[in-house]
Every structure is written in structure tokens, then in C-alpha cells.
Amino acid sequence: MGRLTSDITRGAAVVPSMSNPKSTCSPLQITIAVVLMLISAIAVTLLVLYILPSSNGSSGDGYLIGVGRADCTGPVAELPLMGYASHDQNGAGILSRLYCRAFITAEPDNDTKRVVFISAEIGMISQRVRLEVIKQLKSRYGDLYRPDNVILSGTHTHSGPGGYFQNTIFLITGKGLIRPSLNAIVNGILESIEMAHHNMKKGRIFINKGLLENSQINRSPFSYLRNPASERLRYPSNTDKEMVVLKMVADNGQEMGMLSWFAIHPVSMNNTNNLTNSDNVGYAAYLFEKEKNEGYLTGKGPYVAAIASANLGDVSPNIKGPHCINTGESCENLHNYCSVGGAKMCIAFGPGKDMLESTKIIGGRIYLKAKELYMAASEEINGPISSAHQWVDMSNITVQLNATHTGKTCKAALGYSFAAGTMDGPGVFNFTQGAVEGNTFWDSVRDGFLTEPSNETEECQRPKPILLPTGELSKPYPWHPKIIDIQIVIIGSAAILALPGEFTTMSGRRIREAVKSEFESHGKQGMNILTSGLCNVYTHYITTYEEYQIQRYEGASTIFGPHTLSAYIQSFRHLAKALATDTTQDLPNNPEPLLLNITSLNFLPLILDTKPVGRSYGDVVQDVRPKYRVGEVANAHFIGANPRNSAQNMRTFTFLTVEKFDNASKSWQVVDDDASWDTKFIWQKGKLGHSTAIVEWHIPTNTELGNYRLQYFGHNKEFLSSVIHAFNGSSSIFEVSN
Ligand SMILES: *[C@@H]1O[C@H](CO)[C@@H](O)[C@H](O)[C@H]1NC(C)=O
Ligand SMILES: *[C@@H]1O[C@H](CO)[C@@H](O)[C@H](O)[C@H]1NC(C)=O
Ligand SMILES: *[C@@H]1O[C@H](CO)[C@@H](O)[C@H](O)[C@H]1NC(C)=O
Ligand SMILES: *[C@@H]1O[C@H](CO)[C@@H](O)[C@H](O)[C@H]1NC(C)=O
Ligand SMILES: *[C@@H]1O[C@H](CO)[C@@H](O)[C@H](O)[C@H]1NC(C)=O
Ligand SMILES: *[C@@H]1O[C@H](CO)[C@@H](O)[C@H](O)[C@H]1NC(C)=O
Ligand SMILES: *[C@@H]1O[C@H](CO)[C@@H](O)[C@H](O)[C@H]1NC(C)=O
Ligand SMILES: *[C@@H]1O[C@H](CO)[C@@H](O)[C@H](O)[C@H]1NC(C)=O
Ligand SMILES: *[C@@H]1O[C@H](CO)[C@@H](O)[C@H](O)[C@H]1NC(C)=O
Ligand SMILES: *[C@@H]1O[C@H](CO)[C@@H](O)[C@H](O)[C@H]1NC(C)=O
């Protein structure tokens, strides 16, 4: 549009000087003059109709845009999966790989004015990840990438490895600070930024929005109903159905990327899943990239698509709703309680027959809506880029509630419903096996439990009954972060709020409206406020004050007390004002959070690999059939070794390949690997170090017919040594037919 602007403007400017008829005019001159005036009028009409509304009063020069994608999968066995805090839900293979996706946008005439948005397919960004990434960016790029212009956001998949946190509560649920897990994420983020940094080119960004139906339900409707009726009446639904899409296109016409936000919990995969995967939103991104990067293997190719998280706090994808798994009756009630078996029996499912089908159905709907919005996106984003960031002590903020009353945030604490919701009782603290690097760690944890909440915290958090006064526990490390990132980046008319946790539907709406009106009161009209979830540091949930009063899971997990949302609104408004008035340089420098001195803390089992006498790692123990039809599942079992041995080179490694024999070149060609949703790598741990690796290929209907084989790749660790060997094994050849 911008280039069109200058053409038409130039044309319009030429017309008046040519149509400057003197008093004596020939009919031909008059005709020419009339035609020219007509052209001029049409040009002006075009200008008014099409150009001005989309240019937002800015120069219309587009941006410099860079996109990148890097693997951040981490160890896929024996680590607890991050999300459900269910202590026996450990990784045992790969359904899909996890990716970090980077989008860099810079002003065309000053490329130091830039912002970076990362969407990482992990549970959430931890403070540890944030601090390590910021430190590395500083050492690699100096002052180009900073806390204020880099947003890190997690998609919130519940099927990625944990172990990348530095605060005690997460060290317990993640079985330590597992270096290979943390490194995979930090290095994946840095690599994706590096790729984006190096492929920046001139291009344009278009925005589009639309509603996606049939994909979400509110999982705490009774909390939502506590919000004032007058407020609820302003919205058609108890979840936000709006999807926002940014489309990035280079000036040479090359489509570069798609960045979208949608509010949904990626929990189509339930807490019995053991295969690492990116869940519904990850499946949507996979479909999008698969289509745009035709001819490339999964996770390769220049086009980058991401579905980032939003205000998903109370939004479930399990749209058949909660039912008692024993009796089948609905448990859509305040306590999600079943008359037989209690709350444990109450589980939400759907829409598919099992969790994989549900993931694909919901992911497929997200993909189709994103694609529709992407194809129709025509409103261009233009204008300056800016960013603002502050660290605030969230345990100590005074908020002005109204003219006469103030409220205060509290030292962090988790309520009883937190444990009821996810923690599976004391089980999570019950580690008996494994290499325990330090009994002092567990001694401190035990002593922590003996601490009762102070009267001050109890009073402040009311009506929350406190289970863990985490803000008052500091041994062996602070149990929760308290210095929290508040951050907004602006790209033209889009303002992205980096929300440090899981805002509920109504919390997200309130902060969006508050920030929008703050911008408006300082002369910035028509901003698109995008709420980006699970950013920079994890602080669990953020409910409204009213929702907090019921203390369901989300309220119990609103760790800084009943005024948490008000405090965030106040802090984000503060930044919005600074941005709108160009005074971000005057924001005070608050104390930074500390990178705690934990190098590694590992409560995982020791790795032991053994194999049957006379056999080798990678030997086939159960072979493929000679023939399969498309739609069937080809699979082979191999003598396996612990996948954690492969964590060193995970990012350039695959545990499996599907290979097709190419008659022309007489060689095997890789057609799929462990990143694909059509393959599964399953690791089964046996007794005394024995293990089995299963490679599955769900043969897609559009597969080329011919001869195929499955390969397994692994690393085994020598007994009582740290020496690691790479090995591989292959199935027999099989034929795929119709
Ligand atoms: C580019 O922007 C930076 C601020 O990000 C400013 O310090 C610098 O002077 C600008 N450079 C030019 C050439 O305008
Ligand atoms: C998979 O997860 C389930 C529970 O969520 C657990 O009972 C099982 O032991 C896990 N399997 C492995 C191999 O870790
Ligand atoms: C998880 O989903 C599977 C189907 O894929 C189902 O059999 C199982 O009961 C579900 N478990 C829970 C705890 O939701
Ligand atoms: C809490 O904040 C107030 C005012 O901002 C400050 O004076 C006080 O020292 C802070 N308290 C703590 C414990 O940090
Ligand atoms: C101010 O807020 C307090 C606490 O929520 C409330 O009790 C009081 O009625 C409010 N005052 C006004 C004037 O709204
Ligand atoms: C704790 O671990 C022990 C030994 O593995 C086991 O017997 C016991 O049942 C566990 N307790 C809980 C509450 O999980
Ligand atoms: C809390 O207050 C009660 C009395 O109201 C007092 O007995 C108790 O010692 C206090 N607890 C703490 C931890 O200060
Ligand atoms: C970090 O901890 C290690 C041992 O736990 C200690 O040797 C080292 O001095 C500490 N480093 C800092 C900077 O405190
Ligand atoms: C490839 O070669 C095999 C065996 O020689 C044959 O059966 C098959 O039809 C050939 N496929 C193609 C596509 O030429
Ligand atoms: C598979 O293993 C063999 C020998 O063990 C080795 O020569 C070969 O390079 C390996 N293949 C791959 C693709 O790693």
C-alpha cells in the first residue's frame, strides 16, 4: 500500500500544474483538462478510500523483519513434564519436537530501534531462562537486545520437560535444575534470535483479527460469574474467542512469517501422556509451517509460524466439559466434585475420542482460523517502534483502589486448592530413587514446611487459606520469584503486553482496556492491545479480585494476593504512560532479580544402560511387517539406551528416521524424522538397565508408494563410566501400498 501511496500522490500532484488552462481553450484542451481533472478526482478518492485509513498517519515505510526457528526440545526421558505437577508423569519419548520461534522487527531507517518476540514451545518462561538469555544477549550483541525490547513467551504446552527453574517450588516439581533441560531452552532461544538477526529484510506487517468458535470452554465458570454482571454483560462469552494474526511479508514478495495469539490452555494432552509434544497450539503451528515450507522436513525451511499464548488462565480446550470418569455424570459444579470418588474423578475431555485426536481437532481448528485471517490480512501496521520494561517487587505494591481506599499486594503464597488442583498431595515430594546431590537441599525443604505463614501474610492473602507461604520461605533458595518483569513493546499500532503468568479471561480484558485507555488519555488512539501470556517469569495465575474470593485453583494460585491484578494494571499503565509521553528514560531503575548460584541440582535416576548378552544396541527385537497400506502404523522395536545420553547434541539429532528407497539415485532418502507428528519415538525402561526403543510411523494417506525402512539412533553410556557411544539400527525394508 505504501508504495502505491507515493505513486498516486505523485500523479495527483502533477495534475493541477498541467491542468492550468488559460482563458482561450480549444475543445481538445478542454477535453484533456476534464480527463485530467477526472483522473485527479479518482486519485484523490482512491487516496481517501484506501490509503489513509490503513496508513495510521505514519510514513508507511514498513519495517526490517527477521524470523528464526530453533529446536529447544531438551531431554525426553525421565524428567517430569512441566505443567500438571504430577510427580510420576515423566517423559518417555517424542511425539513432536519443541521449537523456539523468533520475530525481530526494526524501524527501516534506524535498525537499532528494534523489538524481539520469542514464542517458545515450553510450559512457561522461567526467571532462570530469562536471566540467562539476557546475559548471553548482552555478551553477544552488546546493547542491541535488552530486557526492555526482548519478550520471551511460553506457549504453555504441558508436555515439555521441566527442570529449568531456580526457585525451590519448581526445583521440587522439576526434580532439580536440570542443566541439559535449561540449556536446550536458552540455546534454542538464542539460536532462533541469531537466525532472525541474520535474515532481516525489508518488509511489511499486516494485522487481522477474528473469532474462533468451538475450541474453548471456561473451566472455572463459577469464578467468572463472580465478576460484576454489568461487566459480564459487555462480553458475548466467558472466554475470549478472538484470535489476532500478524502477517509478515518481505518487499520482494516472499512470505516470511505468521505470529498469532489465542487464549487456550494447551492441555488437550492430559496428565497420563509421556511423549514430549507441543500440544494443540503447537500442532496448529506445525500445520502452518508444513504448508508454507513445502518440501522441507518438519522444523526446517525459512517460513516461521507461531501461535503464542494469551489470557488463557481459565480456558480449557476440553470442550465436552468435566465429567465423572466412573459414572459419566457431569461434574460442572463449584468444586468439580463427583458424588462417587470426589474431585479426582472429575475430568474434562473432548472433542476427540482420545487425547491425540482431541489435540489434532483443536489444533486443526486453530490452524484453519489462523490461515483464514492470514490470507485476508490487509490492514498494515506502520509507525515507530518502542519498548519499556521495569522490574517491580510484586510482593510490595500499594494500589489505589478508589478515591478513599488503597490495597496492597502480599508476600507470595499458594492456597489449599493449588494442591487439590494439581499437586497430588505430598506425593510430589516423595523422591526415593536417584542421585541426590545434597541432603541439605531436602533438609531445608523439610524445615521450610515447619514454617507457618506470618499473621501479616495470612491477613493480606485473605480469604486464601495458605498451604505454602512461599514468599516467606528462602531455603535453600527463595521458593518463588518476587522481582517481576513488567514490559510493553510497541510496533506501530500494536502494543504487546508481556504478562508474567496466566491471566484469566476477565483479568486479560481488564488489563487490555486499562492500558488502551491509558494510551488514549495521552493521545495514542486506536492501539491494538495484545495480551501475551507466560512471559519472562512465571507467577502462576492472575484472577480478578472477585474471582479470587472463591479460591478455586486459579484463585489459590494467584500468589501475590487479592490485589494482584490491580497491581499489574497499575504497573502496566505506568509503562504505557511512559511510552505514550516518550519518558521511558525516566522510569526508575528498580532492583534486578538475582541469577541464583545453582549450577546444577539433579534428582533424576542415575543412567544405567545394559543389553542382553550377544546383542548390540540398535538391534531389532521386533521387526516391521513386509507390507503396509497407507493409514496403517508401521513400527519396529529396538534394543535401546537411555535417551538422556543424547541430550548433548539433541538439536541436530533425531532419534528416528523414516527412509524411502529412491530408485533413480539408488539411495535411501529421509522423508520424516522425530519432529513430525506422524512419527513416535517411545522409550520403555526395563529392569537392570535394559530398555526398548519403539519407532512408529503413522503412514499418511498421501505417502508415495514404494520401499521404506525405519531407523533408530541413540547413545549408550558405558557401565560405571561417563563414556558415551553413538549407535544406530534399522528395520527390515517394507513396502507401502494403497
Ligand atoms: C537510532 O535510534 C537510537 C535509539 O534507539 C538513537 O540513539 C540513535 O541516535 C538513532 N540513530 C539515528 C541515525 O537516528
Ligand atoms: C507416564 O505417565 C504416567 C502418569 O502420568 C506414569 O504413571 C507412568 O509411569 C509414566 N511412564 C513413564 C515411562 O515414565
Ligand atoms: C487421558 O486421555 C486418555 C485417552 O487418550 C484416557 O484414556 C485417559 O483416561 C485420560 N486420563 C486422564 C487422567 O484424563
Ligand atoms: C515496600 O515499599 C515501600 C514503598 O514503596 C518501601 O518504603 C518499603 O521499604 C518496601 N518494603 C520492603 C520490605 O521492601
Ligand atoms: C472504595 O473501595 C473500598 C474497598 O473495595 C470500598 O469498601 C469502598 O466502598 C469504595 N469506595 C467508593 C467511594 O467506591
Ligand atoms: C513414597 O515412596 C515410597 C518408596 O518408593 C513408596 O512406598 C510410597 O508409597 C510413596 N508415598 C507416596 C505418598 O507416594
Ligand atoms: C498471630 O497472632 C496471634 C494472635 O492473634 C498470636 O498468638 C500468634 O503468635 C501470631 N503468630 C505469629 C506467627 O506472629
Ligand atoms: C557458587 O556456589 C559454589 C558452590 O556451591 C561456590 O563454590 C561458589 O563460590 C559460589 N559462587 C558465587 C559467585 O557465590
Ligand atoms: C522401484 O524399484 C522397485 C524394485 O526394483 C520396484 O518394485 C518399484 O516399482 C520401483 N518403483 C518405482 C517408483 O519405480
Ligand atoms: C550407523 O552405525 C554405523 C556403525 O556402527 C556407522 O558406520 C554409521 O555411520 C552410522 N550411521 C549413521 C547415519 O550414523
Side-chain angles (χ1 to χ4, degrees), residues 59 61 63-64 81 83-86 88-89 95 105-116 141-146 148-150 158-159 219 265 267-275 277 279-280 316-318 320-326 328 331 336 338 341 343-362 384-388 421-422 424 489-490 579 582 584-585 615-620 638-639 641 646 649 652-659 667-670 673-674 680 709-716 724-731:
S59 60
D61 282 343
Y63 296 103
L64 289 164
L81 297 183
Y84 291 109
S86 152
D88 57 356
Q89 190 200 4
L95 171 56
T105 313
E107 286 188 7
D109 42 8
N110 184 351
D111 75 357
T112 66
K113 289 193 177 166
R114 58 173 70 193
V115 292
V116 182
Y141 304 95
D143 280 336
L144 194 56
Y145 299 122
R146 310 169 303 267
D148 66 281
N149 69 353
V150 176
H158 281 43
S159 298
R219 72 178 187 193
H265 252 78
V267 292
S268 289
M269 290 286 171
N270 69 34
N271 66 7
T272 65
N273 166 57
N274 305 98
L275 299 183
N277 73 82
D279 211 291
N280 47 35
S316 167
N318 298 312
K320 280 188 189 162
H323 288 85
C324 303
I325 50 175
N326 46 1
C331 43
N336 284 150
C338 294
K344 275 209 155 126
M345 292 292 137
C346 179
I347 289 168
F349 291 100
K353 65 178 188 301
D354 58 28
M355 56 181 160
L356 181 55
E357 193 181 83
S358 296
T359 303
K360 290 187 170 178
I361 294 173
I362 298 292
I385 282 178
S386 54
S387 56
T422 63
D424 200 20
V489 308
I490 292 183
L579 282 163
D582 203 7
T584 53
Q585 66 281 1
R615 305 297 298 271
S616 300
Y617 293 106
D619 279 2
V620 174
F638 301 86
I639 292 175
S646 305
N649 34 17
T652 52
F653 175 78
T654 178
F655 284 101
L656 68 88
T657 53
V658 176
E659 300 177 10
S667 66
W668 290 98
Q669 308 285 329
V670 175
D673 62 20
D674 66 11
K680 284 184 187 171
R709 70 177 185 190
L710 305 178
Q711 288 220 70
Y712 161 50
F713 300 87
H715 295 87
N716 66 290
I724 285 178
H725 301 282
F727 64 86
N728 60 63
S730 177
S731 75

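If you're wondering where the values come from, they're calculated on a predicted model, not measured in any experiment. Start at 1 and go down the list; that is how both ligands and their atoms are numbered. Side-chain atoms are counted along with the backbone in the values below, which use heavy atoms only and exclude waters and symmetry mates.
How far CZ of F655 is from CZ of F638: 13.5 Å, rounded to the nearest 0.5 Å.
In terms of polar-atom proximity, defined here as any N/O pair under 3.5 Å, M355 does make such a contact with ligand 3. Below 3.5 Å of separation, one finds no N or O of D354 facing any N or O of ligand 3.
Here the two rings, on H715 and Y617, have centers that are 6.0 Å apart or farther.
Partners of N280 by side chain to side chain donor-acceptor pair (under 3.5 Å), not counting sequence neighbours, listed by chain and number: S268. Annotation: ring-ring contact (aromatic ring centres under 6.0 Å, His included) contacts of H158 (sequence neighbours excluded): Y84, H156, H265. Qualifying salt bridge (Lys or Arg N to Asp or Glu O under 4.0 Å) partners for E107, counting only residues two or more places apart in sequence or in other chains: none.
Close approach of ligand 3 to I347 (heavy-atom distance below 4.0 Å) involves ligand atoms 12 (C), 13 (C), 14 (O). Those atoms of ligand 10 with a heavy atom of N728 less than 4.0 angstrom away are 1 (C), 2 (O), 3 (C), 8 (C), 10 (C), 11 (N), 12 (C), 14 (O). Shown in contact with N271 at under 4.0 Å from a heavy atom are these atoms of ligand 3, numbered in order with element: 13 (C).
The two atoms that bring P351 and I361 nearest to each other are CG-CG2, 3.6 Å, heavy atoms only. Closest approach of N149 and R114 over heavy atoms only: ND2-O, 3.1 Å. The two residues I362 and P317 make their nearest non-hydrogen contact at CD1-O, 3.7 Å.
Relative ring orientation between F727 and Y712 is described as perpendicular, the plane-to-plane angle rising above 60° on a 0-90° scale split at 30° and 60°.
For the ligand labelled ligand 10, residue F713 lies inside the 4.0 Å heavy-atom shell.
Ligand 1 lies under 4.0 Å from heavy atoms of N110, T112, K113.
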